[in-house]
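Note that these values count all heavy atoms, side chains included, but never hydrogens, waters or copies made by symmetry. Since we're looking at a predicted model, the values are computed, not measured.
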Amino acid sequence: MGTKHCTVAFGLPARQFLWAMELPLSATVAEVLEQARIMARTRGEDRDVPWDSDSIGIFGEPCRRDDVPADGDRVEIYRALINDPRASRRARARGR
């Protein structure tokens with residue numbers, strides 16, 4: 001059985017995290033995230049990451065935990081927005 005390389009990405013306002021790993025071809029998004037969580041824990045980088053969030057995607061496209069990413073895919077963990085971008089645009093437009 002072959003392997004694939006995947007990266008897990010998560011960003012905070014002040015820092016971005018990337019965890020690269022090699023997994024079996026059959027590994028699901030959930031398994032990729034679990035391996036990244038283990039890697040992050042050993043590096044002390046797991047504290048602020050919402051590992052159990054349902055807001056995840058592959059290259060910007062929403063996905064589910066049981067999806068199987070391809071070789072070279074980047075699994076992304078999204079965090080909640082602090083401000084609603086639409087509300088921010090409206091406020092700027094009113095100010096003009």
- Is there side-chain contact between L12 and F17, with heavy atoms separated by less than 4.5 Å? yes
- [ ] Return yes if some donor-acceptor pair links the side-chain N/O of R65 with the main-chain N/O of T28 below 3.5 Å, else return no.
- [x] no
Output for pair (R64 CZ, D54 CG), nearest 0.5 Å, gives 11.5 Å
dist D67:CG -> D73:CG (nearest 0.5 Å) comes out at 10.5 Å
Name each donor-acceptor pair under 3.5 Å that joins a side chain in residues 36-50 to protein atoms two or more places apart or in another chain, with its distance.
{"from": "T42", "atom 1": "OG1", "to": "M39", "atom 2": "O", "distance (Å)": "2.7"}
{"from": "E45", "atom 1": "OE1", "to": "W19", "atom 2": "NE1", "distance (Å)": "2.7"}
{"from": "E45", "atom 1": "OE2", "to": "R15", "atom 2": "NH2", "distance (Å)": "3.3"}

Here the pair of heavy atoms bringing S55 nearest to S53 is N-OG, 2.9 Å
Legend entry - Y78 reachable from F10 in the ILVMFWY side-chain graph, under 4.5 Å edges: no
The side-chain contact (heavy atoms from CB on, under 4.5 Å) partner of V8 among M21, E76, Q35 is M21
| request: Could you check D71 against H5 for side chain to side chain contact (heavy atoms under 4.5 Å, CB included), going step by step and ending with a plain yes or no? | output: CA-CA 5 Å; D71 183 40; H5 294 87; 3.8 Å; yes
(message) With clusters defined by side-chain heavy atoms of hydrophobic residues (ILVMFWY) lying less than 4.5 Å apart, directly or transitively, does F59 cluster with L23?
(response) yes
Heavy atoms of A27 and K4 approach each other most closely as O-NZ, 2.9 Å
Apply side chain to side chain contact (heavy atoms under 4.5 Å, CB included) to residues S26 and V68 and explain how you reach the verdict. CA-CA 7 Å; S26 62; V68 178; 5.8 Å; no
Given side chains that start at C-beta, do those of C6 and E31 come closer than 4.5 Å, heavy atoms only? no
